[in-house]
Number of protein chains: 2
Amino acid sequence: MSNDNPKADISNAEFEVLDVLWDDYPATSSDIVERLNQKKPWHDKTVKTLLSRLVKKGVVDFDKAQRQYLYRPLIAREDYTKKEATSFVSRLFKGKVAPLVAGFANQNSLSQQDVDELKALIKQWEQNND
Amino acid sequence: MSNDNPKADISNAEFEVLDVLWDDYPATSSDIVERLNQKKPWHDKTVKTLLSRLVKKGVVDFDKAQRQYLYRPLIAREDYTKKEATSFVSRLFKGKVAPLVAGFANQNSLSQQDVDELKALIKQWEQNND
DNA sequence: TTTTTAAGATTACATGTGTAATCTTTTCTG
DNA sequence: CAGAAAAGATTACACATGTAATCTTAAAAA
């Protein structure tokens with residue numbers, strides 16, 4: 001069954017499942033359980049429940065392969081994270097990213113690599129907006 | 001009653017209340033309701049409930065002034081947003097801010113001002129980490 | 001072929017959350 | 001002073017979420 005308009009929010013636990021699914025798919029529920037168990041000691045029944053909820057919410061779908069299901073995400077990780085980031089920044093920082101980055105900076109959570117990447121982004125941006 | 005270790009998560013609705021409280025405090029519940037109503041059509045009973053929950057969670061406290069309460073936050077907005085941002089970025093972007101900013105950039109959500117601020121942050125950072 | 005197993009479906013259940021309504025008590029108002 | 005209004009406390013209630021256990025069914029094993 002497919003759902004063309006993914007709705008509803010994805011809960012924290014559901015996100016963890018989606019997260020490992022994004023890493024590599026299609027995947028069976030056992031695959032997913034196994035990957036999750038590298039990090040979270042979740043019961044396989046729990047993971048199945050979360051998968052079902054994701055399917056019901058229209059963000060994951062599956063194809064049947066014998067008696068197992070092969071799950072795959074219906075939304076791209078980048079689209080999801082972009083949307084979430086936008087809403088997060090809008091809620092907590094009035095839509096401005098700089099203050100968020102400032103928090104990282106004054107917390108010593110910025111690495112040289114982060115800074116290099118930010119500089120590259122800025123250079124790129126300036127080329128497009130001269 | 002005061003609670004020295006603010007625990008528990010702040011829900012979305014609770015955050016909205018805290019958000020306007022941060023804007024100016026101490027404030028009575030009516031003040032808060034009024035400010036919120038600039039944006040959200042929330043019933044005053046609803047706001048009271050949210051305030052109570054914030055108090056119970058130890059993130060807001062109050063002093064009695066006659067029969068009204070004067071509410072004030074027990075945590076600073078900056079501390080809260082910093083913590084939330086860290087956990088958000090860690091969950092969705094493996095802890096790296098740059099990819100988050102990249103999402104904004106390629107979505108045309110970066111303004112000249114954002115870029116200026118980011119450049120200033122970077123300059124600052126480089127001075128501290130030469 | 002009978003039995004065991006394992007996949008997914010269904011059910012469970014406590015706690016959180018959104019969204020108030022009602023209750024209690026204390027001050028205004030007339 | 002009696003009644004109305006208003007502040008906070010308590011109660012309500014449906015839906016979401018975390019976290020599974022049980023049920024059903026089909027496939028694999030003996």
Side-chain angles (χ1 to χ4, degrees), chain A residues 1-3 6-21 25-37 39-72 80 84 87 91, chain B residues 1-3 6-21 25-37 39-72 80 84 87 91:
Chain A
M1 187 218 54
S2 98
N3 186 329
K7 267 220 68 157
D9 295 330
I10 294 170
S11 79
N12 288 345
E14 286 158 7
F15 172 77
E16 298 297 332
V17 172
L18 192 48
D19 199 35
V20 306
L21 179 58
Y25 59 86
T28 65
S29 66
S30 327
D31 293 338
I32 295 172
V33 168
E34 200 175 323
R35 287 184 222 161
L36 274 169
N37 283 348
K39 285 288 173 187
K40 321 254 164 182
W42 284 351
H43 199 289
D44 85 317
K45 300 298 188 184
T46 300
V47 178
K48 304 290 198 73
T49 298
L50 295 171
L51 271 170
S52 304
R53 288 181 182 167
L54 285 167
V55 168
K56 180 184 283 179
K57 288 181 178 184
V59 303
V60 162
D61 199 0
F62 58 80
D63 295 300
K64 297 185 187 172
Q66 301 107 238
R67 76 170 144 165
Q68 290 192 134
Y69 289 174
L70 287 177
Y71 294 91
R72 65 192 145 74
Y80 176 77
E84 287 299 299
S87 99
R91 274 169 37 82
Chain B
M1 187 219 55
S2 96
N3 185 330
K7 266 221 69 158
D9 295 330
I10 294 170
S11 78
N12 288 344
E14 285 159 7
F15 172 78
E16 297 297 332
V17 172
L18 192 48
D19 198 37
V20 305
L21 179 58
Y25 58 86
T28 65
S29 65
S30 328
D31 292 340
I32 295 172
V33 169
E34 201 175 324
R35 288 183 222 161
L36 275 170
N37 284 348
K39 286 287 173 187
K40 322 252 164 186
W42 284 350
H43 200 289
D44 86 317
K45 300 298 187 184
T46 300
V47 178
K48 303 292 198 72
T49 298
L50 294 171
L51 271 170
S52 305
R53 289 182 181 167
L54 285 167
V55 169
K56 180 183 283 179
K57 288 181 178 184
V59 303
V60 162
D61 199 0
F62 58 81
D63 296 298
K64 297 186 187 171
Q66 303 108 236
R67 78 169 144 166
Q68 291 190 134
Y69 290 174
L70 286 177
Y71 294 92
R72 66 193 143 75
Y80 176 77
E84 287 299 299
S87 100
R91 275 167 37 81

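Below, chains carry the letters A, B, ... as their sequence lines are ordered, and counting in each starts from 1.
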*Using a heavy-atom cut-off of under 4.0 Å over every strand shown, decide if A:T49 touches base, sugar-phosphate, or nothing.*
base
*Look at the side chain of B:D31 and the backbone N and O of B:T28, then say whether any donor-acceptor pair between them is shorter than 3.5 Å.*
yes
*Side-chain touch A:S29/A:Y71, heavy atoms, less than 4.5 angstrom*: yes
*How close or far is atom P of D:dT17 from atom NE2 of A:H43, stated in whole angstroms?*
22 Å
*Could you tell me the separation between the CG atom of B:L51 and the C1' atom of D:dA9, rounded to a whole number of Å?*
13 Å
*To the nearest 0.5 Å, tell me how far A:L21 CG sits from A:L36 CG.*
10.0 Å
*To the nearest angstrom, how far is B:F62 atom CZ from D:dA7 atom C1'?*
12 Å
*Taking the nucleotide of DNA chain D with the closest heavy atom to each, which residue, A:N12 or B:L70, is nearer the 5' end?*
B:L70
*How close or far is atom P of C:dT19 from atom CD of B:E16, stated in whole angstroms?*
11 Å
*Would you mind reading off the distance between B:L54 atom CG and D:dA9 atom P, rounded to a whole angstrom?*
14 Å
*Below 4.0 angstrom from OP1 or OP2 of C:dA7, is there any side-chain N or O of A:T28?*
no
*Quick one: list whatever passes side chain to side chain donor-acceptor pair (under 3.5 Å) with A:S30, sequence neighbours left out.*
none
List the atom pairs, donor and acceptor, that lie under 3.5 Å between side-chain atoms in residues 40-51 of chain A and the rest of the protein, sequence neighbours left out.
residue: A:H43; atom: ND1; partner: A:K45; partner atom: N; Å: 3.1
residue: A:T49; atom: OG1; partner: A:K45; partner atom: O; Å: 3.0

*Side chain of A:K48 only, please: which of D:dG8, C:dG18, C:dG8 is the nearest?*
C:dG8
*Is there side-chain contact between A:E14 and A:K57, with at least one heavy-atom pair below 4.5 Å?*
yes
*What is the distance from OH of B:Y71 to P of D:dA7, rounded to the nearest Å?*
11 Å
Polar-atom pairs under 3.5 Å, protein N or O versus N or O of nucleotides 25-30 of chain C: list them with distances, or write none.
residue: C:dT26; atom: O2; partner: B:R67; partner atom: NH1; Å: 3.4

*Starting at CG of B:D9 and ending at C1' of D:dA16, how long is that distance when rounded to a whole Å?*
15 Å
_Within the structure provided, determine whether A:R91 and B:D19 are in side-chain contact (heavy-atom separation under 4.5 Å)._
no
*Let me know the distance between CD of A:E14 and C1' of D:dG18, rounded to the nearest Å.*
10 Å
*For the side chain of B:S29 and the base of D:dA7, is some donor closer than 3.5 Å to an acceptor across the two?*
no
*State whether A:K56 places a side-chain N or O below 4.0 Å from either non-bridging phosphate oxygen (OP1 or OP2) of C:dG8.*
no
*asked:* Given the structure, check if the side chain of B:K45 and the base of C:dT19 hold any donor-acceptor pair shorter than 3.5 Å.
replied: no
*With a 4.5 Å heavy-atom cut-off, do A:Y69 and A:V55 have their side chains touching?*
no
*Check whether any side-chain nitrogen or oxygen of A:Y69 sits under 4.0 Å from OP1 or OP2 of C:dA6, and answer yes or no.*
no
_Taking the minimum atom-to-atom distance to the side chain of B:S52, which one of D:dA9, C:dT19, D:dT17 wins?_
D:dA9
*Can you find a donor-acceptor pair, distance only, under 3.5 Å between B:R53 side chain and D:dT10 base?*
no
*Out of D:dA20, C:dC23, C:dT17, which nucleotide sits closest to the side chain of A:T46?*
D:dA20
